[in-house]
Amino acid sequence: MAPTIHLVRHAQGYHNLTEENENMHDPDLTPLGEQQCAALRAAFPHHDKLVRLVASPMRRTLHTCIRAFGRDELYPVVAIDSLQEVSTVPSDTGSDVDKLRAEFGDKLDPARVRDTWTDKKSRDSPFEPTMEKLTQRGREARLALREIAGDGDGHIVVVTHGGFLHFLTDDWHGIPTHYATGWHNCELRSYQFVDATGQDPDAALKETNESWVRREGDTTPPTETEMREMRAVEQRRISPLLKVVD
């Protein structure tokens with residue numbers, strides 16, 4: 001059996017309400033976002049199979065992870081800086097590690113968060129939002145998840161961001177026109193590594209059939225060729241929305 005990686009977009013944050021709110025730094029969840037977490041917690045069928053919680057170090061993802069999945073035996077949540085959101089706007093820029101430690105205490109493991117993780121504008125920063133660096137960040141995050149998962153068959157929850165999820169999964173299907181992501185707030189999709197032997201240098205992920213059917217019914221999934229074509233089209237289209245600098 002292979003590990004199952006449940007990917008989740010964070011619950012609604014205040015920056016999701018208006019474009020002006022994107023100027024809020026590392027914002028909180030809204031009351032609706034908190035309700036979304038409670039609904040996801042009630043609906044998730046695999047709490048007894050969870051072995052690890054992982055999240056972007058941004059506050060909305062950490063709060064979503066804790067509210068929807070947290071319990072004592074699963075703490076601390078492993079924060080991975082490569083899972084952070086794409087753009088350089090304040091709402092997509094995280095907080096210093098010391099501030100996160102003060103807020104989340106023993107529920108947070110920030111060992112994988114670099115001190116420079118909030119620098120998204122420097123040319124030498126790995127978090128500068130260029131297509132090349134975002135693609136590399138997706139690969140880096142997948143490799144980290146494969147290392148955390150090991151060779152067991154446990155289930156792992158990963159809470160991250162709508163824009164970055166397409167780079168993490170390399171799945172560009174279903175992004176609505178004028179939007180930067182096809183993921184809804186608090187949406188969950190389940191994946192496994194394509195290569196169960198752990199030798200794939202890209203640690204590619206593939207959505208499970210159960211997950212696909214849950215959200216798409218009997219629609220036929222795109223082929224690999226169609227996925228590659230979608231990637232080229234969607235990356236060109238969403239670049240201005242994500243404020244990507246090529």
Would a 4.5 Å heavy-atom cut-off, applied to side chains only, mark [X] and [Y] as touching?
{"X": "T93", "Y": "Q84", "answer": "no"}
{"X": "S95", "Y": "T118", "answer": "no"}
{"X": "N21", "Y": "M24", "answer": "yes"}
{"X": "M230", "Y": "P222", "answer": "yes"}
{"X": "P27", "Y": "S91", "answer": "yes"}
{"X": "R142", "Y": "R146", "answer": "no"}
{"X": "S56", "Y": "H161", "answer": "yes"}
{"X": "F69", "Y": "V8", "answer": "yes"}

Exercise. Could you label the plane-to-plane angle of the F44 and H46 rings as parallel, tilted or perpendicular, counting under 30° as parallel and over 60° as perpendicular?
Key: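 Because their plane-to-plane angle is over 60°, the rings of F44 and H46 count as perpendicular.
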Quiz item: Are E34 and H63 close enough, and set up right, to give a side chain to side chain contact (heavy atoms under 4.5 Å, CB included), and what steps lead you there?
Solution: CA-CA 9 Å; E34 294 175 1; H63 279 297; over 6 Å; no
For [X] versus [Y], what's the shortest heavy-atom pair and its separation?
{"X": "V86", "Y": "G163", "value": "CG2-C, 3.9 Å"}
{"X": "D171", "Y": "M227", "value": "OD1-CE, 3.3 Å"}
{"X": "T160", "Y": "T61", "value": "O-CG2, 3.5 Å"}
{"X": "T64", "Y": "C186", "value": "CG2-SG, 4.2 Å"}
{"X": "I66", "Y": "F104", "value": "CD1-CD2, 3.7 Å"}
{"X": "A11", "Y": "N16", "value": "O-OD1, 4.2 Å"}

Quiz item: Do other residues, nucleotides or ligands put more than 12 heavy atoms under 6.0 Å from E73 CD?
Solution: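 Yes, the 6.0 Å shell around CD holds more than 12 heavy atoms from other groups.
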Quiz item: For D218, does the CG atom sit with more than 12 other heavy atoms under 6.0 Å from it, leaving out its own atoms?
Solution: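 Counting other residues, nucleotides and ligands, CG of D218 stays at 12 neighbours or fewer.
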Practice problem: Identify whether NZ of Lys or CZ of Arg in R137 sits under 6.0 Å from the centre of the six-membered ring of F167 and within 45° of that ring's axis. | Solution: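 No, R137 does not lie over the aromatic ring of F167.
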Answer yes or no: is there a donor N or O on one side and an acceptor on the other, between the side chain of [X] and the main chain of [Y], under 3.5 Å?
{"X": "H155", "Y": "P3", "answer": "no"}
{"X": "Q36", "Y": "Q12", "answer": "yes"}
{"X": "H166", "Y": "G182", "answer": "yes"}
{"X": "S211", "Y": "E207", "answer": "no"}
{"X": "D109", "Y": "A111", "answer": "yes"}
{"X": "E85", "Y": "F164", "answer": "yes"}
{"X": "R214", "Y": "N209", "answer": "no"}
{"X": "S190", "Y": "T208", "answer": "no"}
{"X": "E226", "Y": "T223", "answer": "yes"}
{"X": "D119", "Y": "S122", "answer": "yes"}

Quiz item: Under the side chain to side chain contact (heavy atoms under 4.5 Å, CB included) criterion, do H6 and T4 qualify, and how do the steps go?
Solution: CA-CA 6 Å; H6 299 287; T4 300; 3.7 Å; yes
Under 4.5 Å between side-chain heavy atoms, hopping through other hydrophobics if needed: is there a path connecting [X] to [Y]?
{"X": "V113", "Y": "V158", "answer": "no"}
{"X": "M58", "Y": "L168", "answer": "no"}
{"X": "Y191", "Y": "I80", "answer": "yes"}
{"X": "L62", "Y": "L32", "answer": "no"}
{"X": "F127", "Y": "L100", "answer": "yes"}

Quiz item: Partners of R101 by side chain to side chain contact (heavy atoms under 4.5 Å, CB included), sequence neighbours excluded?
Solution: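 Here the qualifying residues are V97, D98, P110.
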Quiz item: Would you call E140 and R114 a salt bridge, taking side-chain N to carboxylate O under 4.0 Å as the test?
Solution: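 Salt bridge: yes.
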Quiz item: Would a line drawn from the ring center of W183 to the ring center of H10 be shorter than 6.0 Å?
Solution: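 No.
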Exercise. May I have the step-by-step check of salt bridge (charged side-chain N to carboxylate O under 4.0 Å, His left out) for R189 and E187, ending in yes or no?
Key: CA-CA 7 Å; R189 305 180 192 177; E187 181 177 352; 2.8 Å; yes
Self-check item: From CH2 (W172) to CZ (R237), nearest 0.5 Å
Solution: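 Result: 10.0 Å between the selected atoms.
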Quiz item: Of R60, R59, K120, K121, which meets salt bridge (Lys or Arg N to Asp or Glu O under 4.0 Å) against D92?
Solution: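 So the option named by the test is R60.
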Practice problem: Could you check L17 against T30 for side chain to side chain contact (heavy atoms under 4.5 Å, CB included), going step by step and ending with a plain yes or no? | Solution: CA-CA 9 Å; L17 299 178; T30 65; 4.0 Å; yes
Quiz item: Knowing that exactly one of V78, I148, L53, L50 qualifies, which makes a side chain to side chain contact (heavy atoms under 4.5 Å, CB included) with I156?
Solution: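 With I156 as partner, side chain to side chain contact (heavy atoms under 4.5 Å, CB included) holds for just one option, I148.
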Self-check item: Derivation of the side chain to side chain contact (heavy atoms under 4.5 Å, CB included) call for R9 and L165
Solution: CA-CA 8 Å; R9 184 189 176 192; L165 275 159; 3.9 Å; yes
Quiz item: Do D115 and W117 pass the side-chain hydrogen bond (donor to acceptor under 3.5 Å, both in side chains) test, and can you show the C-alpha distance, the side-chain angles, and the key distance before you say yes or no?
Solution: CA-CA 6 Å; D115 290 338; W117 84 287; over 6 Å; no
Exercise. Please step through salt bridge (charged side-chain N to carboxylate O under 4.0 Å, His left out) for the pair E210 and R215, ending with a clear verdict.
Key: CA-CA 9 Å; E210 176 189 3; R215 65 187 185 90; over 6 Å; no
